[in-house]
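Quick note on labels: first sequence line is chain A, next is B, and so on, each numbered from 1. Worth knowing before you read on, the calculation uses all heavy atoms, side chains too, and leaves out hydrogens, waters and symmetry mates.
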Amino acid sequence: MSEATLCWISGPVLRAISRDAFHIHEAVQVGAQGLLGEVVRLRTDESRGGQELTVQVFEDTTGLRPGDLLHGEGVALAVRLGPGLLGHIFDGLLRPLAGGEERNYLFPGQRTTANPLFFFQPLVEKGRLLRGGEPFATAQPVPLPGEPMAPATVGQSCLVPPTLGGEVIEMAPAGEYTETAVVCTLRDATGQEQAIAMSHTWPVRVPRPVARRLVSESPLLTGQRILDCLFPVARGGKATVPGGFGTGKTVLLETIAKWCNADVIIYLGCGERGNEMAGVLDEFPRLEDPRTGRPLMERMVVIANTSNMPVAAREASIYTGVTVAEYFRDQGLHVAVMADSTSRWAEALREVSGRLGELPGEGGYPAYLSTRLADFYERAARVETLAGASGSVTLIGAVSPPSSDFSEPVTTHTKRYVRNFWALDRKRAHARFYPAIDPLTSYSEDAVLLASWWHAQGNPNWAAQRRRFLTVLEEQARLERMAMILGKDAMPPQQQLTLLVAGLLNDAFLRQSAFSSKDRSASPYKQNRMMGLLDRFMDLAAKAVEGEMTVEQIRVLPLLRHLQRMGEEIGEGEEEAFAQLEEGMEKAFRS
Amino acid sequence: MIHANLSLTDAVTRIDGPLLFAHRRVDVGLNEAVEVIGADGLPRLGRIAALDDDFMTIEILESTTGLGLGDTRIRFLGEPISFALGPGILGRVFDGVGRVLDGGPPIPAHTRMTVDGAILNPIRRKKPEDFIETGISTIDVLNSLVRGQKLPIFSGGGLPHNRLAIEIALHARLRNSEGESAETVPFAIVFAGIGVPFETAEFFRRTLEESGALGRTALFLNLASDSSTQRLLAPRFALTAAEYLAFVEGRHVLVIITDFTNYCEALREVSASHGEIPGRKGYPGYMYSDLATLYERAGSLLGKPGTLTQLPILTMPSDDINHPIPDLTGYITEGQITLNRTLDREGIYPPVGVLPSLSRLMKDGIGRGFTHPDHPALANQLYAAYAHAIQVRLLANVVGSDGLMPEDRVLLTFGQQFEHRFIHQERARTLDESMAVGWELLRLLPLSELSRLDDAQMAAHIQVGAESV
């Protein structure tokens with residue numbers, strides 16, 4: 001093991017002198033407590049006879065002193081990926097946060113030693129040739145004594161590490177093992193024997209390899225009408241949610257985490273609030289996954305690096321999250337990552353960069369900010385895995401722009417790499433209009449890929465209806481500016497009707513209550529039905545205004561209230577109620 | 001402790017602002033506390049900010065006046081800056097670094113806690129959901145406060161934030177199903193004045209004294225005339241005391257810290273003297289993380305009876321909510337209560353600007369099983385209608401109320417009534433009284449405005465006594 005001696009310490013950055021070999025991004029353990037760190041810079045130091053390394057430490061460095069020793073681990077900063085991840089909460093370096101009262105507070109250098117058992121079921125026999133990334137067994141947590149075995153919501157496979165492969169020369173029988181126990185031995189192409197456990201480690205800054213990348217053609221359904229119908233994101237796509245404080249970023253991400261149709265959710269709390277994490281941990285185990293009937297928590301991995309946790313670990317947490325996502329993708333699953341918030345990650349980058357004395361770029365951020373953002377977002381993809389299965393990683397990143405100014409560096413750079421932009425609007429949030437996504441500044445480049453999917457769901461008019469809705473909303477903004485000059489009463493009936501219709505679209509379709517059990521998530525069927533009804537309403541109302549009816553008469557129709565509240569009043573599968581509403585609408589305009 | 005009471009003379013090589021550079025002739029660790037003693041014999045608290053083989057950098061947290069190179073002695077305390085705490089801290093007055101200021105006897109220490117606090121493990125946090133009734137309608141109905149929350153008051157110079165904070169502190173109580181006070185755990189107030197003028201400090205002390213709550217209050221005063229580096233420590237000492245009261249003694253603690261703007265100014269000053277690269281408006285780039293280490297100390301722990309609720313006050317420079325101080329605060333705290341100057345000028349008290357105010361934890365503490373099943377819908381509907389009313393008011397300012405449609409004129413009236421009857425209040429209201437006012441105001445509105453209420457709510461609260469549907 002390589003060793004170095006500390007010679008300079010300032011906050012989370014330190015320098016050390018060594019005669020041994022160290023490498024960039026190598027993981028190191030610092031001091032008696034074994035604080036985890038990473039080598040970020042190397043140079044020879046002739047005067048001291050050796051090399052000087054600069055290290056960023058992921059834990060609080062209080063109490064470290066020159067002369068303390070630092071040990072290299074010989075490998076890049078890596079995390080252990082295995083069956084013990086689902087349903088649990090970890091820090092930014094994937095160390096479990098679980099524990100009893102003794103873990104009320106987090107102290108530097110603290111380690112948990114728990115190594116639980118898993119049911120191991122081999123899928124292949126001796127003699128079989130295995131490729132890297134191929135599943136060789138399934139694994140499932142062993143329940144606590146007295147608890148029933150939970151049915152697997154997500155089929156978890158054990159994968160051959162992507163860099164290995166060969167002939168199976170030994171395979172353990174089905175049974176209970178820890179995730180680090182050797183359960184399989186391979187003979188590789190050089191004749192060497194490779195021991196394989198249910199879990200393996202992978203360096204967080206290196207994307208896991210895939211056979212090839214595929215084009216996305218199905219949406220990541222979020223259950224949120226404004227997203228699925230107006231600004232959809234494809235599976236394997238990337239979206240960003242910028243918004244000032246209090247505009248509902250976190251609630252939106254939590255809502256998507258709850259109801260989207262991914263197999264696995266990675267919820268990444270990066271520099272956010274501790275109480276929010278407590279809320280997630282309190283709420284998700286109690287919510288039921290509508291698709292499986294099991295607690296939603298069972299398909300989640302929570303990575304929490306709250307704002308008061310060490311800054312450098314915040315920088316690493318985002319890579320940890322996406323590496324875990326890729327691990328599940330490689331099992332042929334669809335994964336969605338919610339990163340809240342990438343601005344805090346960028347700030348951590350800035351802080352560490354400042355301590356390293358690098359030249360600051362725009363806004364004080366290092367010049368490589370945009371490259372790092374690109375590296376992160378490019379890890380979203382729909383792929384064919386090494387084993388030939390199809391999986392995807394969808395990335396949804398929140399951005400917290402200072403002063404709600406979307407021209408700041410993190411927002412503008414992010415915009416260059418994502419295809420879907422969901423801008424949150426303070427005015428809507430002030431009126432408690434949620435999700436407060438502004439339909440005029442948001443966009444979705446994935447929408448064109450997805451029209452055929454909606455067609456297949458029974459709505460051939462999806463693209464046309466979507467366009468019509470967006471046009472009306474655009475028109476509303478224009479007319480409202482005009483009303484500021486003319487007054488509304490001076491407008492012709494058609495324009496007054498447009499304002500009425502736009503108000504209805506907002507209230508009936510775009511607004512969705514995250515706290516109503518009927519409205520919190522809408523199926524594609526319900527979305528189609530609602531979209532169709534509103535589309536028809538526009539036709540009928542336009543015709544009525546051309547005829548005898550005044551806008552005022554339409555405004556007071558009791559029908560309007562039913563349309564406004566159909567999201568909350570009509571539950572999934574209540575086709576009768578929709579049919580009744582439709583009939584009532586036709587009747588209201590006939591008379 | 002090995003280095004405790006180790007001291008060093010003739011080691012100082014440079015004094016630059018609050019920073020002191022010295023030869024490292026003893027084995028000390030990063031962030032450990034030191035006392036720097038000048039020729040005048042006065043100890044000044046400091047900490048080790050950076051270390052290398054030969055030198056150390058000490059950040060002095062008090063005035064450096066009177067320090068010299070040759071005659072300065074450094075005493076090493078061998079641990080990070082700590083606060084000695086014991087049961088006697090309530091009813092006492094301290095300075096910003098925890099020294100008794102009221103002339104009374106010293107406090108017998110039972111435990112020492114580092115002032116930087118330890119990181120609460122998010123998984124061990126208890127989800128805050130105990131609704132606190134404050135007696136303020138705009139808070140109780142629209143932006144409910146729950147135990148363990150951090151809810152700042154965004155104010156401006158000359159607005160009555162101090163009065164509001166103290167009223168909340170004195171009135172705040174849990175209510176049981178009958179709406180009665182339901183306290184089983186003792187409560188305490190920790191008040192920290194950061195860089196406040198003497199008059200403000202005196203206002204708080206006197207009000208607490210008159211109400212008889214001073215005996216349950218620990219006051220930390222860093223007056224405007226005190227050292228600005230000490231301002232960085234004042235909230236840390238106050239929060240450490242609060243954590244002791246909450247998690248060691250098991251009390252419900254309400255922490256009022258005023259004024260965070262002074263804290264941030266001190267942070268900027270110290271950062272500049274360290275030669276750090278300035279960020280937005282000259283504030284250091286790590287201000288978010290630094291503020292987070294303070295605000296995140298609110299909360300409660302699983303299996304412990306005590307809670308720590310923070311009510312920090314900050315004055316927005318030129319009433320600008322986008323200024324870095326309120327902006328970064330808003331990103332960390334669980335909402336904000338914003339005070340509005342226009343309302344204040346109209347004589348409305350408390351002048352809570354309803355639209356930019358928010359309580360993120362409200363949803364967990366209201367509704368069925370907590371307050372009233374229809375509370376969330378009422379809050380939602382009031383917000384939607386008032387936001388619409390404000391929009392119409394803007395329109396009316398341009399085109400005059402004659403250019404408005406009849407339904408818009410109704411909204412105009414609603415907005416005005418809302419401000420004078422709901423926001424404004426002469427005395428504390430119970431939640432039920434506040435909600436009754438809210439429903440009454442909604443009855444002014446046409447049916448088409450009430451889309452956030454379901455039919456049952458309409459029947460129960462809106463169409464009472466009305467013949468037609």
Q) What part of A:Leu486 is in contact with chain B, defined as an atom under 4.5 angstrom from a non-hydrogen atom: side chain, backbone, both or neither? A) backbone
Q: Go through the atoms of B:Phe247 and report whether side chain, backbone, both or neither lie under 4.5 Å from a heavy atom of chain A.
A: side chain
Q) Among A:Glu347, A:Glu351, A:Arg344, which one satisfies side chain to side chain donor-acceptor pair (under 3.5 Å) with B:Tyr288? A) A:Arg344
Q) Knowing that exactly one of B:Asp320, B:Asp327, B:Leu328 qualifies, which makes a side chain to side chain contact (heavy atoms under 4.5 Å, CB included) with A:Ser403? A) B:Asp327
Q: State whether B:Glu32 and A:Arg65 are salt-bridged, where the test is any N-O pair (Lys NZ or Arg NE/NH1/NH2 against Asp/Glu carboxylate O) under 4.0 Å.
A: yes
Q. Checking A:Tyr365 against chain B: side chain, backbone, both or neither under 4.5 Å from a heavy atom?
A. neither
Q | Heavy-atom side-chain proximity of B:Met458 to A:Arg561 below 4.5 angstrom | A | yes
Q: Taking the side chain as every heavy atom from C-beta outward, state whether B:Leu301 and A:Tyr105 have any atom pair closer than 4.5 Å.
A: yes
Q | Contact origin within A:Thr306 toward chain B - heavy atom pairs under 4.5 Å | A | side chain
Q. So, do A:Lys427 and B:Gln391 sit near enough that their side-chain heavy atoms are less than 4.5 Å apart?
A. no
Q: State, with a plain yes or no, whether a side-chain heavy atom of B:Tyr386 is found less than 4.5 Å away from one of A:Arg432.
A: no
Q: Flag the pair B:Asn380 / A:Tyr434 as yes when at least one side-chain heavy-atom distance between them is below 4.5 Å, and no otherwise.
A: no
Q: Begin with the C-alpha distance, continue with both residues' side-chain angles, and end with the deciding distance and a verdict on side-chain hydrogen bond (donor to acceptor under 3.5 Å, both in side chains) for B:Arg360 and A:Thr250.
A: CA-CA 10 Å; B:Arg360 293 167 192 268; A:Thr250 305; 5.0 Å; no
Q: Heavy-atom distances under 4.5 Å only: say whether A:Pro401 touches chain B with side chain, backbone, both or neither.
A: both
Q. Within a strict 4.5 Å, meaning less than it, do heavy atoms of the A:His430 and B:Pro356 side chains meet?
A. yes
Q) Checking A:Arg48 against chain B: side chain, backbone, both or neither under 4.5 Å from a heavy atom? A) side chain
(Q) Is the shortest side-chain heavy-atom distance between B:Ile123 and A:Arg103 below 4.5 Å? (A) no
